[in-house]
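The chain is numbered in sequence order, starting from 1. When a ligand or atom number is given, it counts from 1 through the structure's own listing order. Every heavy atom of this structure was used, including side-chain atoms; hydrogens, water molecules and symmetry mates were not.
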Amino acid sequence: MNQAVFPTPDTFTRARSAELFETAKTYFPGGVHSPVRAFKSVQGPPVFFEKGEGCHLYDVDNQKFVDFCCSWGPLILGHCPPSVVQRVQDTVAKGMSFGTPTPHDNLIGKLLLDNHRYIEMIRFVSSGTEAVMSALRLARGITGKSKVIKFDGCYHGHVDSLLVKAGSGLVTFGISTSAGIPESFANETIVVPLADPEALETALRLHAGDTACVIIEPVPANNGLLLQDRSFLEFLRRKCTEYGVLLIFDEVISGFRVGFEGATGHYDIQPDIITFGKIIGGGMPVGAYAASRAIMENIAPVGPVYQAGTLSANPVAMAAGFATLSELLKPGFYESLEQKTAAFTGRLQAFCDQRGYDVTFPHIGSIFWPTFTHNRIRRSDEIDGSRMSFFKTMHLECLKRGVYFGPSGYEVGFVSAAHRESDLDFAAEMICQSLNVVFGG
Ligand SMILES: *Cc1c(COP(=O)(O)O)cnc(C)c1O
């Protein structure tokens, strides 16, 4: 096989990817195992990748790309970081799963609890969705109440009662966004807009008596990057305490991303329960939920809230998580990642401003969102869906030049520790060229 190279608009091909996709569609619904992978919001068939190394992805057509999707967030160290690969290989050689406690449990447990000031105990599960589902059960088990308040524009995995959107009005019962969700489940969820203290207070005033918890992504990053004011998050914390409702920070995407202590540490706000996923498994399927000892001791076998898992905390996944988290604790890790991201987005912003292109790059830590407006966006209803056509063109043009973004304008990009200055220089140049095509400049 020839050495893989970055494609150019003249050489770019998806011939082999397209072939594989046609076959995959006969095996799997839509050819995929998670809907966004099907490239429905962008052009052409999905690219099939077979190798990742550092910040680069290699596809089945022998092309190379700078990766800003990073498996949707877990790969904060990039692909195949040597210390993680080594530890996984050593572990896997001794057995993949025992269904018993193992010493790996204690290793990662100590690492987490020694370095995260807002949690005292943790339980591992196998995905972010499972973490959220379990955290909701815990909140309901403790309070004996059933309703949940969520925010429009926050994603919490495919948990039945949370796959809902707002109806018309400021404070509404959820309307399910998927078939197969009983109305009675959707009715357990109250949906309020982000960045709206009045709507939140109204929801609590009307429903606190039946409500177990409020759940939020403190850094909402699944529907664009809807950065909230600190004052709103502080208000949320205060009101949950005042109304006797538990507060869950869903940090599946922000955890270990905006600092080791995630958004919780960034804003220095103590939630009652935190959910984790993505980075915590270093690329393996891991989720977790954590809280104070008093709250966590409500979980079986100590307490009455049942939750279990055949493959929970399996040694290989714990090894990947442990090795990944260990790297994050090295001095200067987050500072350097944040500086790189700020310089990269700053360069893109300067280019767009100079050309008069209506694009901004809101960012926090190493998360950024290319968005086709100059307005600051804090709520999902402030996103102009019609402008997603700009993203669609940008996505294709970037692909043709060797830069890979997640295939939707509602998805954020990630910079990893493996992105070197030279990689970011190359990517910035290619993104600028792509934006010239988008705006006909
Ligand atoms: C990704 C994500 C989830 C779902 O995690 P899965 O591992 O995909 O089940 C839940 N909440 C947030 C905030 C996420 O970013």
(message) Is the shortest side-chain heavy-atom distance between Met133 and Tyr289 below 4.5 Å?
(response) no

(request) Can you sort out which atoms of ligand 1 are near Asn222, meaning under 4.0 Å from one of its heavy atoms? (result) 12 (C), 13 (C), 14 (C), 15 (O)

(request) Return a yes/no value for Gly128: is any of its N or O atoms, backbone included, closer than 3.5 angstrom to an N or O of ligand 1? (result) yes

(message) A cation-pi test, strictly: NZ or CZ of Lys64 under 6.0 Å from the centre of the six-membered ring of Tyr58 and no more than 45 degrees from its axis. Yes or no?
(response) no

(request) Answer yes or no: does an N/O atom from Thr129 fall short of 3.5 Å to an N/O atom of ligand 1? (result) yes

(request) Pick one of side chain, backbone, both or neither for how Glu251 approaches ligand 1, counting any non-hydrogen atom pair under 4.0 Å. (result) neither

(message) How far is atom 2 (C) of ligand 1 from the closest protein heavy atom, and which atom is that?
(response) Lys278 NZ, 2.7 Å

(request) Go through ligand 1 atom by atom and flag the ones less than 4.0 Å from a non-hydrogen atom of Asp250. (result) 10 (C), 11 (N), 12 (C), 13 (C)

(request) Output yes when the distance from some N or O of ligand 1 to some N or O of Glu217 is under 3.5 Å, and no in every other case. (result) no

(message) Does any N or O of ligand 1 fall below 3.5 Å from an N or O anywhere on His156, backbone included?
(response) no

(request) Would you please classify the geometry between the His116 ring and the Phe276 ring as parallel, tilted or perpendicular, with 30° and 60° separating the classes? (result) perpendicular

(request) Heavy-atom distances under 4.0 Å are what count here, so tell me which part of Thr275 touches ligand 1: side chain, backbone, both or neither. (result) neither

(request) May I ask you to check whether Phe21 and Phe39 place their ring centres under 6.0 Å from each other? (result) no

(request) For the residue pair Glu251 and Thr275, confirm or rule out a side-chain donor-acceptor distance under 3.5 Å. (result) no

(request) Show your working on side-chain hydrogen bond (donor to acceptor under 3.5 Å, both in side chains) between Glu183 and Ser176 and close with a plain yes or no. (result) CA-CA 7 Å; Glu183 207 180 308; Ser176 87; over 6 Å; no

(request) If you have a sec, work out which protein heavy atom is nearest atom 3 (C) of ligand 1 and how many Å separate them, to one decimal? (result) Val252 CG1, 3.7 Å

(message) I'd like to know if the side chain of Asp250 pairs up with that of Tyr155 as donor and acceptor (distance under 3.5 Å, no hydrogens or angles considered).
(response) no

